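Structure record follows, encoded as structure tokens.
This is a predicted model, so every value here is computed, not measured. Chain identifiers are assigned alphabetically (A, B, ...) following the order of the sequence lines, protein sequences preceding nucleic acid strands; residue numbering begins at 1 within each chain.
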2 protein chains.
Amino acid sequence: MSKKDVTKVVLDEVDIPKQWYNIVADMPNKPAPYFSSKTGKLATVDELQAIFPLELIQQESSEERWIDIPDEVRDMYRQWRPSPLYRAKGLEKVLGTPARIYYKYEGTNATGSHKLNTSLPQAYYNKIAGIKRLSTETGAGQWGSALSLACSYFGLECTVYMVKVSYEQKPYRRSFMKTFGAEVFASPTNLTSSGRAILEREPNCTGSLGIAISEAVEDAATHNDTNYALGSVLNHVCLHQTIIGLEAKKQLEYLDEYPDVVFACCGGGSNFAGIAFPFLADKLKGTNVRTVAVEPTACPTLTKGVYAYDYSDTGKMGPLAKMYTLGHDFVPAGIHAGGLRYHGVSSIISQLYEDKLIEAKAYGQNSVFDAAVTFARTEGIIPAPESSHAIKAAIDEALLCKESGESKVILFNLSGHGYFDMVAYDNYFGGKLSDIDYSEEAIEKSINNLPKLD
Amino acid sequence: MSKKDVTKVVLDEVDIPKQWYNIVADMPNKPAPYFSSKTGKLATVDELQAIFPLELIQQESSEERWIDIPDEVRDMYRQWRPSPLYRAKGLEKVLGTPARIYYKYEGTNATGSHKLNTSLPQAYYNKIAGIKRLSTETGAGQWGSALSLACSYFGLECTVYMVKVSYEQKPYRRSFMKTFGAEVFASPTNLTSSGRAILEREPNCTGSLGIAISEAVEDAATHNDTNYALGSVLNHVCLHQTIIGLEAKKQLEYLDEYPDVVFACCGGGSNFAGIAFPFLADKLKGTNVRTVAVEPTACPTLTKGVYAYDYSDTGKMGPLAKMYTLGHDFVPAGIHAGGLRYHGVSSIISQLYEDKLIEAKAYGQNSVFDAAVTFARTEGIIPAPESSHAIKAAIDEALLCKESGESKVILFNLSGHGYFDMVAYDNYFGGKLSDIDYSEEAIEKSINNLPKLD
């Protein structure tokens with residue numbers, strides 16, 4: 001059997017990387033620093049320490065190229081890492097493309113997505129800093145699940161503020177988190193002043209991610225033994241996710257392959273960062289690899305946003321970040337790819353995009369589900385709606401290769417499975433998925449509300 | 001790193017077995033043959049050919065020790081096989097046991113359980129026999145999902161009769177099957193005479209597995225281009241599942257380990273057969289390995305049933321099999337381990353049990369969920385309620401080792417994940433799980449209804 005004929009490449013545990021890759025070391029222009037939403041000045045370490053452990057704050061601004069993965073975290077990674085790299089032979093065949101399509105599959109762990117790559121180190125660094133409990137928010141539930149599991153492993157308590165409408169509509173995700181011992185509240189709650197303020201104004205409020213973030217941050221800021229954890233956007237989260245791309249590189253090397261183009265979906269950006277940064281490292285040294293962030297047309301942060309300082313959350317609790325943003329007031333249509341509905345994107349990715357080192361494209365919801373079903377029927381995995389954006393882009397590229405006759409090597413990140421998203425598939429098959437895109441007006445309006453910094 | 005220190009053993013694709021192991025070759029007493037439910041005499045190949053392809057009928061009565069896995073099937077196995085073997089280090093630690101606990105994890109494929117091991121060859125043999133469509137029944141939905149995927153791969157149509165109450169309560173499983181192109185009907189339907197007969201008597205009937213089997217068998221028997229597929233019980237299904245144990249043996253060999261005891265849950269029996277038969281092969285040659293079938297106290301087929309000829313389905317459409325049975329009229333309590341609610345068990349397993357070559361034990365539902373949650377929190381995988389029976393038995397054995405100080409090697413089959421069973425976990429955490437066991441009276445009554453053969 002030729003190496004190129006394999007269905008998947010599964011490395012040994014000893015091949016799990018020992019360090020994460022910090023792209024900031026190699027960036028021609030560094031990402032912009034955070035500003036405090038309270039003082040309007042550069043955010044200080046002291047301020048950040050109210051909700052984050054020192055080690056993560058240091059990673060946030062580090063310019064070291066390689067950062068050691070603690071043994072305790074690497075031991076946990078061994079439960080499912082190295083994750084498999086697949087050759088999409090079934091998909092290639094049905095497309096009739098000369099391209100070779102590979103995908104890295106991050107859905108083989110208990111929580112079903114890449115989020116566990118960062119929830120584990122976040123729980124670990126908080127644990128060794130003496131923290132007893134982590135608070136966080138969750139919408140669709142993937143991040144809450146990943147943090148619950150990580151806290152269970154490291155003996156931390158976990159409090160999850162789950163957007164009320166999801167809490168009621170997604171009881172499975174809620175019980176999933178409870179199985180791992182987490183405390184899950186429907187947000188807005190009566191437990192925080194920000195929650196109470198909302199409920200006073202609007203007793204039947206069904207919640208939003210913005211409100212849930214405010215509650216989780218307040219919980220952490222007002223309890224000494226409690227910190228806050230975020231599942232995307234931040235530099236240290238992007239850093240932890242680079243394990244995906246580092247493994248994928250080794251796996252492709254084993255096959256004597258190197259990608260012409262790398263696709264990943266992009267919400268806050270950690271998923272894209274995870275697979276793309278290790279290849280971008282080569283591009284920054286002069287190779288030609290393209291990396292493409294794929295977003296929904298309903299929330300087109302990179303393709304339609306502006307590059308400016310903005311609040312990282314609607315409640316204005318977190319720091320201000322310079323990033324591509326649609327404005328913190330922007331409320332995208334209720335597409336099923338809930339993980340891609342963030343108004344901004346990682347500062348690192350924003351700077352790379354501004355410097356034209358990465359590309360971006362956007363797709364409508366129905367075309368993404370078309371691609372997801374084609375993928376499921378040929379590759380046997382039902383993809384998460386978020387990950388399906390990368391699939392759609394990969395299929396389009398493979399069809400271009402069919403026209404041109406080029407045998408490009410395409411790599412994409414299948415960041416999670418869709419087994420908790422069957423309602424979305426049901427709606428798709430029932431013809432009930434809307435393709436409501438952004439409205440130019442709404443974006444213009446929310447961009448006009450961007451904060452003015454000195 | 002010592003070999004024994006690994007978290008998991010993942011073999012290469014080339015290590016996927018090339019043959020299934022047929023234990024019938026080595027049994028001191030062969031399993032009893034089937035009788036026709038129509039004639040009351042030995043079932044003939046002609047009768048069986050109305051619903052099965054010849055190749056599977058031949059496997060059903062084969063006494064060849066090794067049966068080749070077709071290349072086309074092995075190619076599909078490569079998508080997720082060899083499946084990982086895990087050392088349950090987290091679980092061992094929390095139990096404080098000197099035992100070494102290993103588990104083979106069959107939940108890493110798209111359908112989340114071991115069922116795909118047999119749905120693929122069943123679809124393949126039907127395809128090459130010129131069949132265009134497969135019909136089957138499904139309760140909880142695992143088997144229907146696995147057959148849908150297999151049919152999608154091999155270009156067959158697939159019709160699933162899903163018990164109406166599950167069809168309504170488990171929309172996710174239904175959409176899962178539709179994603180793979182299957183046609184899914186709520187049974188009883190108006191499409192078959194057996195369905196219509198039921199609906200005439202009872203228009204609001206919520207269905208049962210017995211009714212769904214009758215509809216699927218009738219569909220196959222009345223359409224020339226259509227065959228029927230069953231997900232457990234039959235000899236050829238047990239045969240296909242032996243790939244689990246064959247791989248596990250190789251993986252343990254790599255660690256220089258050999259199990260003292262092997263646990264698997266047991267409903268129709270294919271899951272137990274899959275992991276246990278390759279080790280039983282050694283026992284039949286004189287080694288000391290124990291294999292234990294674990295069942296729910298609510299449906300205690302091996303531990304409380306009788307060994308006799310009985311109908312394989314409540315509708316009396318399928319053949320009569322000699323097996324341990326609670327009687328075809330027995331209706332077990334509605335426990336969440338739906339896959340273990342079958343009144344009988346594989347003829348092969350029954351004969352082995354009668355010959356005291358294997359053991360059986362039974363557990364109540366709440367104790368099984370206690371074990372499932374302990375496992376989830378230490379190993380990071382939420383197990384299916386069925387598989388959790390094996391976990392419970394493994395934990396009990398490990399605790400015995402703790403008392404005695406023995407370092408036994410324990411192996412169990414984690415046959416599937418529980419991500420579609422979160423309602424069950426919800427009920428468990430809410431204290432709503434009943435521990436209703438079998439009633440002696442009910443068993444006595446249904447056993448009195450066993451058919452009398454000449």
Side-chain angles (χ1 to χ4, degrees), chain A residues 1 5-14 75-82 84 86 89-90 105 107-112 116 148-150 152-153 170-176 178-181 372-373 376-382 417-430, chain B residues 1 5-14 75-82 84 86 89-90 105 107-112 116 148-150 152-153 170-176 178-181 372-373 376-382 417-430:
Chain A
M1 187 168 72
D5 189 42
V6 297
T7 302
K8 61 184 183 311
V9 180
V10 183
L11 300 174
D12 285 331
E13 285 178 27
V14 293
D75 262 2
M76 294 299 176
Y77 279 166
R78 289 160 64 185
Q79 214 273 343
W80 83 102
R81 304 210 72 87
Y86 282 96
K89 287 198 253 178
Y105 183 34
T108 61
N109 70 69
T111 64
L116 197 58
S148 301
L149 178 55
S152 168
Y153 277 154
K170 297 201 162 186
Y172 296 170
R173 272 288 178 193
R174 188 181 67 200
S175 358
F176 189 102
K178 285 188 179 169
T179 304
F180 291 111
V373 170
R377 291 187 182 169
T378 51
E379 293 295 314
I381 297 169
I382 296 186
H417 63 60
Y419 304 143
F420 285 102
D421 299 284
M422 295 316 299
V423 168
Y425 281 89
D426 238 8
N427 289 340
Y428 168 75
F429 286 117
Chain B
M1 187 168 74
D5 190 42
V6 298
T7 302
K8 60 185 183 311
V9 180
V10 183
L11 301 173
D12 284 332
E13 285 178 28
V14 293
D75 261 2
M76 293 298 177
Y77 279 167
R78 288 161 64 185
Q79 213 274 343
W80 82 102
R81 306 209 71 87
Y86 281 96
K89 286 199 253 179
Y105 184 35
T108 60
N109 69 70
T111 65
L116 197 58
S148 302
L149 178 55
S152 168
Y153 277 154
K170 297 201 163 187
Y172 296 170
R173 272 289 178 192
R174 189 181 68 198
S175 356
F176 189 102
K178 286 187 178 171
T179 304
F180 291 112
V373 170
R377 291 187 182 169
T378 51
E379 293 294 314
I381 298 169
I382 296 186
H417 64 59
Y419 304 144
F420 286 102
D421 300 283
M422 295 316 299
V423 168
Y425 282 89
D426 238 8
N427 289 339
Y428 167 75
F429 285 118

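In this structure, no portion of A:Arg173 lies under 4.5 Å from any heavy atom of chain B. For chain B, the nearby part of A:Leu149 is the side chain; its heavy atoms alone come within less than 4.5 Å. Using a 4.5 Å cut-off between heavy atoms, A:Phe429 contacts chain B through its side chain alone, with no backbone atom that close. Using a 4.5 Å cut-off between heavy atoms, A:Tyr428 makes no contact with chain B at all. Heavy atoms of B:Ser148 lying under 4.5 Å from chain A are absent altogether. When heavy atoms are compared at a cutoff of 4.5 Å, B:Thr108 does not approach chain A at all.
Side chain of A:Ser152 to backbone of B:Arg377: a donor-acceptor contact under 3.5 angstrom is found.
Of all heavy-atom pairs between B:Lys89 and A:Arg78, the closest is NZ-NH2, 3.5 Å.
With rounding to the nearest 0.5 angstrom, the OH atom of B:Tyr153 is 8.0 Å from the OG1 atom of A:Thr378. The distance from the CZ atom of A:Arg81 to the OG1 atom of B:Thr7 is 13.5 Å, given to the nearest 0.5 Å. For the atom pair OG1 of B:Thr179 and CG of A:Asp426, the computed distance is 8.0 Å after rounding to the nearest 0.5 Å.
When the candidates B:Gly107, B:Pro84, B:Gly90, B:Gly181 are compared by the number of heavy-atom contacts under 4.5 Å with chain A, B:Gly181 comes out ahead.
Residues A:Tyr86 and B:Gln79 meet the side-chain proximity criterion, which asks for heavy atoms closer than 4.5 Å.
Checked against the 6.0 Å centroid threshold, B:Tyr419 and A:Phe176 count as a close aromatic pair.
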